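Notes to accompany the following structure.
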Amino acid sequence: MDRNKRRVTYVTGANSTLSGYGMNEGKKKKKNSKITQQLRSVLAFVALAAIIALAVSYAFSNTGRESLGRVMRIGATLSQNVTPFGESVIFYDGTTLHCMAATGGNEWSYQIGTNADYDATQERIVAWSGNDLYILNSRGRLIYNNKMSDEIQFASAGGEYVAVFVGEPDNGVVSVINEAGQIVDNVTISNQTLLDIGFFRALTSSSAQEQELMWVLGLDTTGTVISTELQTFQPGKLSTGKSSLGENIAYKVYSVGGELEVVTTRQIMHYNYRVLEESNPTLIYGYTVEDVKVNSGITYQLLIPAQESREGVHINNVRLMYGGVDRVLHLPSECIAAALGTHSVYGFSNNAVYVCRFGETGFAAHAMPINVTAVLGMITDNRAVVASGSEIYVVELPR
């Protein structure tokens, strides 16, 4: 029997039975009115619940912007030294270096042996195992392979050069190798502990075009007070500058418009290629530099509150500096990581990503289809490389 017809018959029968027991029309009207009020209350409650559900869905929707795109699992695990690489992802499986496309396909592989490590820029990759050195181009083709004179401590890749540090941490040599595989410099390191090496581009007094220069950061332990030292070199030529940075240990060096930005726990110091201060330091006490991105000639610097340790990071706000802007942005919820895209700041919680476009102050929330436990970095087209447990994914983010 049709459910609606059965319901009508039942109500009619009930009315007849109630009439037989002497219920008058007034009582029936009051009874019907009470039922109507109850139905209206139920409908109002259902409508309110629907509005609340819609509001929650809206909070985690694209709020008028692009929604999350594809989520692609990459054939790598968190323990395999995963690194964003231009449009791709590089990882080392214990014997072989693999480059995976953001869509999940293998682009190239190169065997480098056990107990290896590597460094990469968009132009090239340098890998080492023991005293064996490998330099690959962005397509995974071998440019240079040689046995160095001693065990390789670490190496850094630039656009035109690679720097390789061999020997003891406080007594070794930095060899600079060009694109043709020729050693153009050997810089002796003594009486200091080498912390890091990198490359940057700047105009020099000897050239009207930008040159790729090298910076070397070391810790001088010979005096009564430990101090950090920064040196710059033009590969194939003499040292271009040297300066003591004082007692505050620098943990990050990067370039902005030909200047070197040297980050300590208290401030960012600004040096030219001769390691002479260009302007007063920028105070950042309580924050650490997390990410740097250049977009349309503007350098964006993202800072997060200083953490006592990298385990269990808790981020409630971020600081964004660019041009003459220095702004604190408050996240809608506590995050485990933050990063810069080409147009936006991203905050990542376990189940959502928050997006704030450059120049704005508010974040839009988007639900994550996976549980994010770590963020490894960004690749092109606003895609994030993230971990969910031990598995690695590439997630397309809104602009």
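Numbers here are sequence positions counted from 1. All values reported here derive from a predicted model rather than from experimental measurement.
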Where do I125 and Y110 land on the side-chain contact (heavy atoms from CB on, under 4.5 Å) test, with the steps shown first? CA-CA 11 Å; I125 305 102; Y110 194 90; over 6 Å; no
For the pair T240 and T232, evaluate side-chain hydrogen bond (donor to acceptor under 3.5 Å, both in side chains) and give the outcome as yes or no after the intermediate values. CA-CA 5 Å; T240 50; T232 56; 2.7 Å; yes
For N382 and T342, run side-chain contact (heavy atoms from CB on, under 4.5 Å): C-alpha distance rounded to whole Å, both residues' side-chain angles, the deciding distance at 0.1 Å, then the answer. CA-CA 7 Å; N382 300 298; T342 53; 3.1 Å; yes
Run the numbers on S206 and Q211 for side-chain contact (heavy atoms from CB on, under 4.5 Å), then give the verdict. CA-CA 10 Å; S206 61; Q211 305 292 312; 5.9 Å; no
Assess the residue pair T188 and S190 against the criterion (side-chain hydrogen bond (donor to acceptor under 3.5 Å, both in side chains)); give the C-alpha distance rounded to whole Å, side-chain angles, the decisive distance to 0.1 Å, and a yes or no. CA-CA 6 Å; T188 300; S190 60; over 6 Å; no
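Under the salt bridge (Lys or Arg N to Asp or Glu O under 4.0 Å) criterion, D150 pairs with no residue, sequence neighbours left out. Under the salt bridge (Lys or Arg N to Asp or Glu O under 4.0 Å) criterion, D117 pairs with no residue, sequence neighbours left out. When the side chain to side chain donor-acceptor pair (under 3.5 Å) test is applied to T282, the partners found at least two apart in sequence or on another chain are H270. Taking the salt bridge (Lys or Arg N to Asp or Glu O under 4.0 Å) definition, one finds that E210 meets it with R201, sequence neighbours left out. The side chain to side chain contact (heavy atoms under 4.5 Å, CB included) search around T95 returns D93, T114, not counting sequence neighbours. The ring pair (Phe, Tyr, Trp, His ring centres under 6.0 Å) check on Y322 picks up Y300, with sequence neighbours excluded. Taking the side chain to side chain donor-acceptor pair (under 3.5 Å) definition, one finds that S296 meets it with nothing, sequence neighbours left out.
Hydrophobic clustering, with ILVMFWY side chains joined whenever heavy atoms are under 4.5 angstrom apart, keeps V292 apart from V325.
Between M378 and L340, every side-chain heavy-atom pair lies at or beyond the 4.5 Å cut-off.
Alongside F91, the hydrophobic cluster contains I74, L78, V82, V89, M100, L376, I379, V385, I392, V394 (criterion: ILVMFWY side chains under 4.5 Å). With side-chain heavy atoms closer than 4.5 Å counting as contact, directly or through intermediates, L276 stands alone and belongs to no larger hydrophobic cluster. Here L213 sits in one hydrophobic cluster together with L195, F200, W215, L217, L219, I226, L230, L245, I249, V253, L260, V262, M269, Y271, Y273, V275; the rule is ILVMFWY side chains under 4.5 Å apart, joined directly or through other members. Cluster partners of V225: none. The rule joins Ile, Leu, Val, Met, Phe, Trp and Tyr whenever side-chain heavy atoms lie under 4.5 Å apart, and it links nothing here.
There is a side-chain donor-acceptor pair under 3.5 Å between E107 and S88.
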Validation: residues 167-182 side-chain donor-acceptor distances under 3.5 Å, sequence neighbours left out:
unit_1: S175; atom_1: OG; unit_2: N186; atom_2: OD1; d: 2.6
unit_1: N178; atom_1: OD1; unit_2: A180; atom_2: N; d: 3.0
unit_1: N178; atom_1: OD1; unit_2: G181; atom_2: N; d: 3.1
unit_1: N178; atom_1: OD1; unit_2: Q182; atom_2: N; d: 2.9
unit_1: N178; atom_1: ND2; unit_2: Q182; atom_2: OE1; d: 3.2
unit_1: E179; atom_1: OE2; unit_2: R124; atom_2: NH2; d: 3.3

